[in-house]
Number of protein chains: 2
Amino acid sequence: MKRPTLKDVAKAASVSTAAVSYVLNGKHEKVSGETLERINNVIKSLNYVPDYSARSLVKNQSRLIGIVIPQTEKHAQLILENPWYSEIISGIEGKLRKYGYHLLLSGVNQGESYLDLLIQRNLDGAIIMGIYPEEFYEGLKKIKIPIVLIDSYINDSYFYRIGIDDEYGGYLATKYLIDRGHTNIGMITGAIRREGVVEKRFLGYKRAIRESNLFYNPDYVFEDSMSYDHGVAAGHRIASAFPEITAVFATADMIAFGLIKSFTDEGIRTPDDISVIGFDDVFMSRMFLPPLTTVRQDIKKKGVIAAERLLSLIGEAGDDDNGQSEDLRETILPLEIVERGTVIRRGNGQSLTETEHGRG
Amino acid sequence: MKRPTLKDVAKAASVSTAAVSYVLNGKHEKVSGETLERINNVIKSLNYVPDYSARSLVKNQSRLIGIVIPQTEKHAQLILENPWYSEIISGIEGKLRKYGYHLLLSGVNQGESYLDLLIQRNLDGAIIMGIYPEEFYEGLKKIKIPIVLIDSYINDSYFYRIGIDDEYGGYLATKYLIDRGHTNIGMITGAIRREGVVEKRFLGYKRAIRESNLFYNPDYVFEDSMSYDHGVAAGHRIASAFPEITAVFATADMIAFGLIKSFTDEGIRTPDDISVIGFDDVFMSRMFLPPLTTVRQDIKKKGVIAAERLLSLIGEAGDDDNGQSEDLRETILPLEIVERGTVIRRGNGQSLTETEHGRG
DNA sequence: TCACCCTTTGAAAACACTTTCATAACAGTA
DNA sequence: TACTGTTATGAAAGTGTTTTCAAAGGGTGA
């Protein structure tokens, strides 16, 4: 009752293993119609399924795609808690499975051992999220495997990248607040790292402020982590130390949720007392109360496109590229502001002349 | 510049491949200290990493664990959007990686092809979430692979199960509302399927009602899907057709969010006008405004335990079981109500005598 | 010095496939 | 009938490991 092998099938159909292999791989031109049918019958009756390990060994490809998710050092746990990742993975998985590829999901801290994994498991490609040390990317290049980077600003034409214009996003959000009469605008954000998305959004924030001839106050940017908790902490800090701030740009929706929560606890109402704009438009942003005004990117689509790009690199023609050969190295997805309930026009009310520089 | 193989290492160290294999697999007793060192040096200098495909082929094990996530038929997309899954996967991944296992994540619809995958890829085990057709489980049993079922009520001692007492959870939630003076209690839920968690929670709901000598009204249970959207729809329906309902039990936090949202849109305040209790305590429940009162289960722990159980089944002693050999086939995790801001005692206020049977 | 035993080593088979290449079979043509 | 060309088939080599088993090596005791 052992699992049948290709050899068993060959014997039962009284053909060579080569013939069986041919039909398994759809090389029908190598096999006559009659034997084809015979072999197929045996396969079915024996319940034969090919062994990927063996196949992988000889073909040197695994039909496995690696997905890399950054992992906090503290918790040694995936950042999956951030719904952003869930959404993008959902997009990736859907596409990949359609083409017979499977997902190898790994949390990665500093890149370290992932390179070995890539080699050991013969991965056919990888989709990488997050920012890692220089050496990681160098290692990636050495292993000659198709790589798609999501939200990375690594300036190396070796890699294929899917992203958004984060600088513009930051600008958009900030400008949106400025246009609504806000002049003291805080920014709450994760770590501003060299060439990371956050840095770009920060740049956009500053550009909007300067362009409008407002004063850029470094004290108004609260940098820590892309987390709910940071939002909470920053919210309390703003409430107690910066009453003049009337609007904040959170560089992630999760941060915005934390902000609003702590504002609420402090008795500051959103948007009546302070406006908040987020970034991402994760699934739950529209569920939040009040629904979050935010800079929307199509997260799931990002995943789908990343998967398509990878497939086409592997040679599976997964790209629904309509002929136009744009520069495939870099795909920038559009951004838009979705207006919901957390931003209000300042000066809309009555008492603002009285307490011009603050919420009171 | 090809990737070095074990054979290359052997040659460079002028030993046989067997010796190299021994040190790779930590069989140090087979290799003298001197050669051990020499081999290790060569491995390092050649940057050698073993090929899992080959190893897998001969050892007939892959160090790969399958994770099965149910998938909606419509969207052919993972249900990852539900943060519940993200959290549990996060728990699983953390544990498994520590032991050198990797995660193969798949969305599965009706079970169909997953059985083949299990065989093809030589998976060492699988963790299965969701409910599938009978044949799927039959197939699972035939392939003799360690399987851990999460939240399943399949009554078959072949499988190892991790879950909670859903009936009790439903009872707990409903009783909590009853104890706070509510008598007309709605239940909003996903599909009540044979032997599913939802059915159990439903049973608990009914038990609590009967036990308190209240009238069980089938019209008060809104069955559709475990989704935010269903919550929204049900909320509107309750607002327009069932003004006498003063509290609802949502069998998933996601549903509760939808409910509260639609109540808000209808001008019904939570908890002042209607109380809502959820189930799960997903990460975002405490972030919600108002923070959601809910039946808490430790989702991440569920994942960790599932992983541990699987590891110990595989023989990796991943179980931190402190000696007691309870019935490992079934692990029931505790449940507790976390009181936050969405349930209020009825009759607490003043006007309730006036409009005794309704919100007004 | 020899026999014996224990440790260390290496040759080779096995794992389940793919693919190349040679051959067999066959029909068609001169 | 012999030759050519085409197609269908199968033998065998190769893929990178693990593991068994036999042999070599080295020490010990007599």
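The chains referred to below are lettered A, B, ... by the order of the sequence lines, with proteins before strands, and numbering in each begins at 1. Keep in mind the model is a prediction, meaning the values are calculated, not measured.
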Of D:dG10, C:dC17, D:dT17, the nucleotide closest to the side chain of B:Arg55 is D:dT17
Reckon B:Val15 touches a base, only the sugar-phosphate, or nothing at all at heavy-atom distances under 4.0 Å? sugar-phosphate
Tell me whether the OP1 or OP2 atom of C:dT18 has a side-chain N or O from A:Ser21 closer than 4.0 Å. yes
Think B:Lys7 has a side-chain N or O under 4.0 angstrom from the OP1 or OP2 of D:dT15? no
Within the structure, does a side-chain N or O atom of A:Thr35 lie under 4.0 Å from either OP1 or OP2 of D:dA8? no
Residue pair B:Arg38/B:Val58 against DNA chain C: nearer the 5' end by closest nucleotide is B:Arg38
With a 3.5 Å distance limit and no angle check, can you tell me whether B:Ser14 reaches the backbone of B:Lys11 through a side-chain donor-acceptor pair? no
Tell me what B:Ala18 touches on the nucleic acid: a base, only sugar-phosphate, or nothing, going by heavy atoms under 4.0 Å. base
Checking the side chain of A:Tyr137 only, and the main-chain atoms of A:Tyr132 only, is there a donor and an acceptor separated by less than 3.5 Å? yes
Send over the distance from A:Lys11 NZ to D:dT9 P, rounded to a whole Å. 20 Å
Please state whether the base of C:dT20 and the side chain of A:Tyr22 form at least one donor-acceptor pair under 3.5 Å? yes
Verify the contact: side-chain N or O of B:Lys59 to OP1 or OP2 of C:dA14, cut-off strictly under 4.0 Å; return yes or no. no
Does the B:Asp124 side chain pair with the main chain of B:Arg63, one donor and one acceptor, at a distance under 3.5 Å? yes
Closest to the B:Asp51 side chain, choosing from D:dG16, D:dT18, D:dG10: D:dG16
More than 12 heavy atoms from other groups under 6.0 Å of CD on B:Glu37: no
Between C1' on D:dT17 and NZ on B:Lys27, what's the gap in Å once rounded to a whole number? 12 Å
Interatomic distance, B:Leu57 CG vs C:dA13 C1' [rounded to whole Å]: 13 Å
Would you mind reading off the distance between A:Arg3 atom CZ and C:dC17 atom P, rounded to a whole angstrom? 6 Å
Tell me: CG of A:Asn122 to C1' of C:dC17, nearest whole Å? 14 Å
Upstream residue (5' side of DNA chain D) when A:Ser16 and B:Ser53 are each assigned their closest nucleotide: A:Ser16
Would a distance-only check, ignoring hydrogens and angles, find a side-chain to backbone donor-acceptor pair under 3.5 Å from B:Ser16 to B:Ala18? yes
Counting side-chain heavy atoms from C-beta on, which of C:dA16, C:dT18, D:dT18 comes nearest to A:Leu24? C:dT18
Donor-acceptor under 3.5 Å (A:Thr5 side chain, A:Lys7 main chain): yes
Need one value for A:Val9: base, sugar-phosphate or nothing, where a base atom within 4.0 Å counts as base even if backbone is also close, heavy atoms only. nothing
A:Ile39 CD1 to D:dG10 C1', in whole Å, measures 12 Å
Distance in angstrom units between A:Asn60 CG and D:dG14 P, rounded: 17 Å
B:Tyr52 OH to D:dT17 C1': how many Å, rounded? 13 Å
Taking D:dT17, C:dT18, D:dA11 as options, the one with an atom nearest any side-chain atom of A:Asn25 is C:dT18
